[in-house]
There are 2 protein chains.
Amino acid sequence: MTVLNSAAPAHVSPLKVTPASPLFLREDEIRRGIELLYFGYTAMIRGADAILEAQGLGRAHHRALYFVARRPGLSVGELIGLLGITKQSLGRVLNDLSGRALVEQKVGTSDRRQRLLFLTPSGAALEARLFTELERSMARAYGEAGQQAVTGFWAVLMGLVPPDGRAQVEALQGQG
Amino acid sequence: MTVLNSAAPAHVSPLKVTPASPLFLREDEIRRGIELLYFGYTAMIRGADAILEAQGLGRAHHRALYFVARRPGLSVGELIGLLGITKQSLGRVLNDLSGRALVEQKVGTSDRRQRLLFLTPSGAALEARLFTELERSMARAYGEAGQQAVTGFWAVLMGLVPPDGRAQVEALQGQG
DNA sequence: GCAGATAAGTCAACATGACTGTCCTTAATT
DNA sequence: AATTAAGGACAGTCATGTTGACTTATCTGC
């Protein structure tokens, strides 16, 4: 039961996918989703590893850089919330990043206890290089699968996020 | 631009998703995919952590158990290939699992150098409990998003896997 | 039959990135 | 003025990955 995806752009060879059956909650189809999510996620993040290693940084640094790039001026506490790690764990990462002058911290305006995080120019340059790697994988996958598939991809992933976490994800994407 | 997904089953409240725009390769839509993949993946695997912790096991043990359950009788080398880790890393995990009598190893039939991996009854019981947790997340997400979205979800994820790795993923799902 | 390749196991040392717990400073809230 | 909250720092631990080196058993090609 393999078909061609008619929504794929004409300039790329369309990706053959087995469509979900009407019984798409069967164990086999659940396992297919689990496995594709695992392999797809690891394939995407692996793309940036070489750049990170050349800088002496790890994936934890990448995640922090990513979110600071996405939401310049977010507070340490907000970043802890997004990453789901402890203050102590993030502390080491942030110390590495400020020691290398990739991230800087400014005192909060409305609440002076907060430290707001920003990328330095060199931090922004590194994040851009890392993003380009992720983008390459993601753009290829989007292109092969087609616009309609992308909507489905988002819908299932958003469904995986527990309802009380969805607002946080949407907020990240709200104003660009 | 938020619409209801008409493919969602009638018995659940349909998940609102922002559909991909015709310009679905813009940076914002790429970032949306990166973020949803990150949050969706971590949300799914987090579900099993409590069970694992109660057994004194970690996520590495879970991954090994999962693939042995999925492909009983696979060799150590095949499992190393699926997990993308070294023999030494897997060795420790496998020692833990056989020490707890969750996995057993049998000498290969066609090649007696190989050790083929199987779950014991208690290993199968544990894997089933862990799977139920993942399934709960995934089935909810499938149900909210609808059958058509699931096909798109699979297509994009398969597109993320580099072409030379796709056969391995398909093989895992080939004969059930 | 033998040489070399392959599958697997093991030991050691080390890196990364989490965790807990505790203590401290500073600033906001009440 | 007292309490709470945001953040930083130090210490110790754990889980999970890495290299590298060595061993054993078995298979394969000549």
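Throughout, a chain's letter reflects where its sequence line sits, starting with A, and its residues are numbered from 1. Everything numeric in this text was worked out from a predicted model, so none of it was measured.
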Considering every strand and a 4.0 Å limit on heavy-atom distances, what is the contact class for [X]: base, sugar-phosphate, or nothing?
X	result
B:G84	sugar-phosphate
B:Q105	sugar-phosphate
A:G91	nothing

To the nearest Å, how far apart are [X] [atom1] and [N] [atom2]?
X	N	atom1	atom2	value
B:R115	C:dA7	CZ	P	13 Å
A:L52	C:dA15	CG	P	18 Å
A:L79	D:dA6	CG	P	15 Å
A:E53	C:dC14	CD	P	18 Å
A:D49	D:dT18	CG	P	11 Å
A:L97	C:dG17	CG	C1'	13 Å
A:K87	C:dC19	NZ	P	13 Å
A:I85	D:dG8	CD1	C1'	15 Å

Assuming nearest nucleotide by heavy-atom distance, tell me which of B:G77 and A:D111 is located more 5' along DNA chain C.
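Checking each residue's closest nucleotide, the 5'-ward one belongs to B:G77.
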DNA chain C: 5'-proximal contact among A:H61 and A:R113 (nearest heavy atom):
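Here A:H61 is the residue nearer the 5' end.
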Start with the C-alpha distance between B:R166 and A:E144, add both sets of side-chain angles, then the distance that settles salt bridge (charged side-chain N to carboxylate O under 4.0 Å, His left out), and finish with yes or no.
CA-CA 14 Å; B:R166 291 178 194 174; A:E144 289 184 18; 3.3 Å; yes
For the side chain of A:V76, starting at C-beta, report the closest nucleotide among D:dG7, C:dA18, C:dG9.
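For the A:V76 side chain, the nearest candidate turns out to be D:dG7.
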Is the closest basic N to carboxylate O distance between [X] and [Y] below 4.0 Å?
X	Y	answer
B:E135	A:R26	no
A:D111	A:R113	yes
B:E35	B:R31	no

Can you tell me if [X] touches the phosphate of [N], counting only side-chain N or O atoms and a distance under 4.0 Å to OP1 or OP2?
X	N	result
A:R112	C:dT25	no
B:S75	C:dA8	yes
A:S89	C:dC19	yes
B:N95	C:dG9	no

Between A:Q114 and A:R92, just flag the one whose closest nucleotide in DNA chain D comes earlier from the 5' side.
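The residue mapped nearer the 5' terminus is A:Q114.
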Tell me whether A:L119 is reachable from A:L83 by hopping between hydrophobic residues (I, L, V, M, F, W, Y) whose side-chain heavy atoms are closer than 4.5 Å.
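Linked, A:L83 and A:L119 end up in one cluster.
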Taking atom types as they are modelled, would you say the side chain of B:Q88 forms a donor-acceptor pair with the base of D:dG20 within the 3.5 Å cutoff?
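It does, because a donor-acceptor pair links the side chain of B:Q88 to the base of D:dG20 below 3.5 Å.
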